[in-house]
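Single-structure report; data block below.
All values below were derived from every heavy atom in this structure, side-chain atoms included, with hydrogens, water molecules and symmetry-related copies excluded. First the proteins, then the strands, lettered A, B, ... as listed; each starts at 1.
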Amino acid sequence: NTAEPVNDIEVYSINIDCKVTSRFAHNVITSRAINRASMSKEAMFKVDLPKTAFITNFSMVIDGKTYLGEIKEKEVAKKQYETAVKRGQTAGLVKASGRKTETFTVSVNIAAQSKVTFELVYEEMLKRNHGKYEMFIKVQPKTLVRNFQIEVEIHEPQGISFLDAEATFITNDLLPAVHKSFSAEKGYVSFKPTLDQQRSCATCSTTLLDGDFTVTYDVNRESAGNIQVVDGYFVHFFAPQKLAGVPKNVIYVIDKSGSMYGRKLEQTKEALLEILKDTAEHDHFNFVLFDNDIEVWKPSLVKATPENLKKARDFVRQITDGYTTNINDPVLKAVQLLDEANALNQIPERSVSLIVLLTDGEANIGETEPEKIQENVKKANQRGYTLYCLGFGYGVNYGFLEKMALENAGIARRIYEDSDAALQMKGFYTEIANPTLLDIKMEYPENAIANLTQNSFKHYFDGSEIVVAGRIIDNDLNVFSVDVKAEGADNLLKYSENVQLQDTDGVSKKQEYIFGDFTERLWAYLTIQQLLEKRVSADPSEKEKLKKQALDLSLKFKFVTPLTSMVVTKPDEIEEETLVADKFVEAQAPSNWVDSD
Amino acid sequence: PHFVINVPSQNDALCFNIQEEPGVVLNLVEDQGLGIAVNGEIIGKKKIGNNVMSNETYFGKLGFVNREMKLRIEVTTETITIMLGKNKKEYTWEKTTSVKKKGLNLVIHKKNNMTLSFGEGAKFVIILHQFLKDDPLHMDFLGFYTLDDHKFSAHVHGLLGQFFHGIDYEISNVHKTKIPDKPDATMKVKNKLLTVTRGSQKDYRSDPRKGKKVPCWFVHSNAEGLIDGTHKDYIVPDIF
């Protein structure tokens, strides 16, 4: 969060206020500045927020007058934006910034000796990974700030099992400024450095606050699941502990085309060697390397015995770069290898089959039409193996990979071209390394609920969490129950949870101290995310329907999603200006060209 | 030829034409840091008998130089010639081919396009626009697209290269003209005020026939004021 001083603008207060209730985070960033000059000056407000967050509000108070952001359908906002362009403003308040963040920036002219207050609100659902929730706050005030504070209040009805706060810029001098505590359901973190603590040296007027402030925590888990009901909405968190791992069958489909030459290929090999180190003996695996040709390591999947892992490491070490990129055939080959392994009973009956595709570019040989490749893979993958697509570097056609992954029950992830690319690949692997449940089906009282979010899942990975939410439509319901059925490592597992609805009043009241409608907002957030994801791989008629549903919810709950924009009107010396904040959407890198028509 | 400059920070694009006589060679990219240069030779003004049927000009030949690799590549509307030191090899647009040497990746997609990349760095796409031999107006020409612009050094220059690390501009005073949908505006760029017109150009990468419309602010007079110097400063004697 920054509020940069431009000329004589003094930012005297930055307040980052985060309230988390049952994983749902509501963040308010307030920055106050004063123009100490004798003429009007420009004050800038700049915030890095997580890509997974939705902005819900923005306001500016200048000379006692409030300018509020208004959330509108993107097309409507676009028209307003075009008018803005004609008035000389080319606006775009949100841009991509880091790997995990997008930047919201606005600047405004304020009169001499006047004050301005900026306030940005955003919300997100914290996802559990490797056994913890992580909340990330970018801290970058640029100058010393008289009142700087971060306050995080957490309320988790299950009880907090641990809480930690770390900052990349922390020094011994700054340590006393960080407070963290938790007991039972409540957790609290604060960071309030004094002016002197902010100084990069005793006599410096520069700040050392520049980096990431991260809060991590987890909750107690007395049972596999937990149901919370507030104001007619329920949310069910499911994260069973201490289960045996289900064996997995993984085909690594690795791009070794010419563009992978050099560091990219070295990092890929480094990551594969690390992954092999962590492969459990009950797993099966194989490699399909590709450029314009396909090279399959072994004719069929092999068990991860120490001897096979050694051979695999030798194979990985000798991978060299090749020529062009044929994505279609190697992915189909991977499907075929898994089909054969199933048909010949070479892999355990209860096991997870995954294809991990890593590529840095577009297909430019063989089948090059992205739609055709997606169609071929979908058609071939009759058994529904999960396909994970890792897009390496800037030139990758991410939209193509994302759609292909989503159509095959997987996800796509970007691997950023940097010195830690091997770590990023390894990090992704560890997320999916330990499946403990398969084919999870969650059943709720059918006639008593509506608007249920996704309730069946292909896998559950150790350390993650499944979240399902919905609305209770039966006002007379006394007990709300859920049955979960899933395939475990050795047998079919069943879980049951129920909650007395009369009791939830108390819970509701307790939770209201944070903010009232969080369960409903969590439900809306989750529903919008799932609708947007489904839209990527839906057919055209379905797409429109999904878009409409997601748009209606985005407008109703005032979320800036890829379908909505926030229109911000700011004062100007001549006339008011209109700016538009859009949700940043991943796209291919732009290019410059010369051509003719 | 029409130039298009993407400006992601403004979620918009700039475009301009450079009008020169056939035979003139223009420097498109010059990166002394990476030792890479790209030049293009202009063709155009199709004549039937003594009558000029079209005044449009295009790029008919592109020259790529990678000094570190001692590599030169000439692309015309008929052939692709790779010169590596003293060795020379010629390919045509008639066949899908790929060429891979350490650090060079070249793929020709029959009668369509070719991609060219140097190691982990620069990547280019060349589109072949083909017409019937007896087309009264058009002749075959080439389109040139750069990818991974960020990989060039900070000193990269040339008609396209100077924009690889972004450009700041502001648009104001948008006003109607006689042509609907093509308002004029004032662009503040490099401390100058230019009159620009809203228009569009086409990106032919995904659809080589129809192209995809890209709205842009058109800068008049051979991009004077937008580019460093004048367009004449980018005329070079030879394709290499």
Determine whether more than 12 heavy atoms belonging to other residues, nucleotides or ligands lie under 6.0 Å from atom NZ of B:Lys213. no
Are A:Val594 and B:Leu160 close enough that some pair of their side-chain heavy atoms sits under 4.5 Å apart? yes
Cut-off 4.5 Å, heavy atoms of chain A, and the answer for B:Asn17 is neither
Is the CD atom of B:Glu68 crowded by more than 12 outside heavy atoms at less than 6.0 Å? no
Which portion of B:Val214 sits near chain A, non-hydrogen atoms under 4.5 angstrom: side chain
Which atoms of B:Phe144 are under 4.5 Å from chain A, going by heavy atoms: the side chain, the backbone, both sets, or neither? both
Quick check on B:Leu28 against chain A: is it the side chain, the backbone, both or neither that has a heavy atom closer than 4.5 Å? side chain
A:Trp593 (side chain) donor-acceptor with B:Lys202 (main chain) under 3.5 angstrom: yes
Would you find more than 12 non-hydrogen atoms of other residues, nucleotides or ligands less than 6.0 Å from B:Gln130 atom CD? yes
Give the C-alpha distance, both sets of side-chain angles, the deciding distance and a yes or no for side-chain contact (heavy atoms from CB on, under 4.5 Å) between B:Phe141 and A:Asp595. CA-CA 9 Å; B:Phe141 66 91; A:Asp595 207 330; 3.4 Å; yes
Is the count of non-hydrogen atoms from other residues, nucleotides or ligands lying under 6.0 Å from B:Lys188 atom NZ greater than 12? no
Has B:Lys190 got more than 12 heavy atoms of other residues, nucleotides or ligands less than 6.0 Å from its NZ? yes
Does atom NZ of B:Lys111 have more than 12 heavy-atom neighbours, drawn from other residues, nucleotides or ligands, at distances under 6.0 Å? no
If I compare all heavy atoms of A:Asn592 with all of B:Phe164, which pair ends up nearest, and what's the gap? ND2-CD2, 3.6 Å
